[in-house]
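Numbers for residues simply follow the sequence, beginning at 1. Quick note: numbers below take in every heavy atom, side chains included, and nothing from hydrogens, waters or symmetry partners.
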Amino acid sequence: MVQVNQCHVMAKPSGSVCNIDCEYCFYLEKEQLYPERQANWRMSDDTLERFIQQYIEAQSGPTVEFAWQGGEPTLLGLDFYQRVVELCAQHAQGKQIYHSFQTNGLLIDDKWCEFFKHHNILVGISIDGPQHLHDQYRVTRSKKGTHAKVMQAIELLKKHRIEFNTLTVVSSGNANSPLEVYEFLKSIGSKYIQFIPLVERLSTDDNQWRLDLASPNDHSKTVTSWSVSPRAYGDFLVTIFKDWITKDVGSTFVQTFDSTLASWLNQPAGICTFAAECGHSFALESNGDLYQCDHYVYPEYKLGNIHQTTIEIMNNSPKAVQFSRAKSSSLNSKCNACRFKFACHGGCPKHRFITTNTGQHHNYLCEGYFEFFKQSEKAMMIMARLLEHRRPATEIMTLSEEVDLFTE
């Protein structure tokens, strides 16, 4: 078996513990998997050091990128991340260490900003658009909106000149307002934008963990009311793309658009959703349990625990390798015949829960993805050609005034 020399781990040092109660969150109910840790949910110093040492050793390249998420990672406090920095320096082995931080922003203050700035940490802020859209689902336990506090955090980041990106969950609540969401994100200073389609199903299994949301092995087709529909997500992307291509190329970076352009240039996709194979992108729970992916935090997808097995060994285990390859090996005939397979690769396997006429599993979001790839095809081809001839992709904005870039 070929040795796998790289992996990515999304570390969740607070587990599923969070200081807000987003109504659409898929991760909050993971506390049911760890009932014994409700009183002691913090990642211990021993687990933290094992993780840092093992993660660095699992990377063959000169750089290591740590990603801290949750739950809500700021709940651990600044002292925890000061310790992170110390341990990284201690175990770096000459490698360059980088950190990214995904947060809801509610606990960010000047001290946090000084820490982010000093250590050049990339901060991702979760925000779903203007207040009336954001506060529909992103609320506190008392059901109060969080938008105002998130905006305070963003203003602090800008005050300290800290680079940040935004993560926007596209749900049934904001999917029908694409330009309002996009213009708002630009207005708050976001130049790096991630759109994450919300797709969750209600479980039909009488599972012992009392999880309400369906696991990948659950055959439920009952999509939650807060999930985005395939058509709505496709329209959302297309509407923003048509606006972006005429005025924002090179100044605003939308992850889905960048990944698609990379595929047109025969480069690896920038999003795991559109990669040819899954992984090796793991999720680490606060007790050291390592899972195949943060969307696959279910007992059957646990690879092991870093207190018993190293990340490098788990990364090269038959279970991890098989999971990675299954994305392409299980691709159905419709996807294999699709002209956009090179850019999509069937999407996230967790979303392959609808059935084709031939009885094969297919991606729920296919209709939306196909519409986006079709509508962006001509523009993507032109930008790829420009870049291949060492001309800036921004030239397409001038061409958009002269040429119809879209396929109706």
**Request:** Step by step, work out the salt bridge (Lys or Arg N to Asp or Glu O under 4.0 Å) result for Lys302 and Asp289.
**Result:** CA-CA 7 Å; Lys302 189 172 84 170; Asp289 284 347; 3.7 Å; yes
Between [X] and [Y], what is the ring plane arrangement, given parallel below 30°, perpendicular above 60°, and tilted in between?
X: Tyr369; Y: Phe373; value: tilted
X: His295; Y: Phe26; value: parallel
X: Phe372; Y: Phe257; value: parallel

Presence of salt bridge, [Y] and [X], under 4.0 angstrom:
X: Glu23; Y: Arg138; answer: no
X: Glu114; Y: Lys117; answer: no
X: Glu377; Y: Lys374; answer: no
X: Asp79; Y: Arg83; answer: no
X: Arg50; Y: Glu57; answer: no

**Request:** Using the ring pair (Phe, Tyr, Trp, His ring centres under 6.0 Å) rule, take Tyr296 and Phe323 through it: C-alpha gap first, then chi angles, then the decisive distance, then the call.
**Result:** CA-CA 11 Å; Tyr296 282 75; Phe323 179 86; 5.0 Å; yes
**Prompt:** Would you say the side chains of Ser16 and Glu29 form a donor-acceptor pair under 3.5 Å?
**Reply:** no
**Request:** Using only heavy-atom distances, determine whether the side chains of Thr166 and Ser190 contain a donor-acceptor pair under 3.5 Å.
**Result:** yes
Minimum heavy-atom separation for [X] to [Y], with atom names?
X: Ala153; Y: Ile108; value: CB-CB, 4.1 Å
X: Glu72; Y: Asn104; value: OE1-N, 2.9 Å
X: Gly173; Y: Tyr137; value: N-CE1, 4.0 Å
X: Ser14; Y: Pro73; value: OG-N, 4.3 Å

Using a 4.5 Å cut-off on heavy atoms from C-beta on, say whether the side chain of [Y] contacts that of [X].
X: Thr256; Y: Phe274; result: yes
X: Ile56; Y: Ile97; result: yes
X: Tyr81; Y: Glu86; result: no
X: His8; Y: His280; result: no
X: Phe253; Y: Asp248; result: no
X: Leu405; Y: Ile396; result: yes
X: Phe236; Y: Val228; result: no
X: Phe116; Y: Leu157; result: yes

**Asked** Do the numbers put Lys12 on top of the ring of Tyr27, so that NZ or CZ is under 6.0 Å from the six-membered ring centre and no more than 45° off the axis?
**Response**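 The answer is yes; both the distance and angle limits are met.
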**Request:** Cation-pi check, Lys242 to Phe406: give yes when NZ or CZ is under 6.0 Å from the six-membered ring centre and within 45° of the ring axis, no otherwise.
**Result:** yes
Reported [atom1]-to-[atom2] distance for the pair [X] and [Y], which is rounded to 0.5 angstrom:
X: Ile311; Y: Leu284; atom1: CD1; atom2: CG; value: 6.0 Å
X: Tyr233; Y: Ser171; atom1: OH; atom2: OG; value: 12.0 Å
X: His134; Y: Asp128; atom1: NE2; atom2: CG; value: 6.0 Å
X: Met381; Y: Leu386; atom1: CE; atom2: CG; value: 12.0 Å
X: Leu303; Y: Leu290; atom1: CG; atom2: CG; value: 5.5 Å
X: Phe101; Y: Ile125; atom1: CZ; atom2: CD1; value: 10.0 Å

Residue [X] excluded, over 12 heavy atoms near [atom1] under 6.0 Å:
X: Gln322; atom1: CD; result: no
X: Lys186; atom1: NZ; result: yes
X: Asn357; atom1: CG; result: no
X: Lys95; atom1: NZ; result: yes
X: His219; atom1: NE2; result: no
X: Lys247; atom1: NZ; result: yes
X: Asp46; atom1: CG; result: yes

**Item:** Identified side chain to side chain contact (heavy atoms under 4.5 Å, CB included) partner of Leu75 from the options Leu106, Thr103, Leu107
**Value:**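 It is Leu107, the one option of Leu106, Thr103, Leu107 that forms the side chain to side chain contact (heavy atoms under 4.5 Å, CB included) with Leu75.
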**Item:** ring pair (Phe, Tyr, Trp, His ring centres under 6.0 Å) between Phe353 and Tyr364, worked out
**Value:** CA-CA 6 Å; Phe353 57 82; Tyr364 167 81; 5.2 Å; yes
**Prompt:** Where do Tyr291 and Tyr301 land on the ring pair (Phe, Tyr, Trp, His ring centres under 6.0 Å) test, with the steps shown first?
**Reply:** CA-CA 6 Å; Tyr291 291 87; Tyr301 294 101; 8.9 Å; no
**Request:** Give a yes or no answer on whether the side chain of Ser227 reaches the backbone of Val223 with a donor-acceptor pair at less than 3.5 Å.
**Result:** no
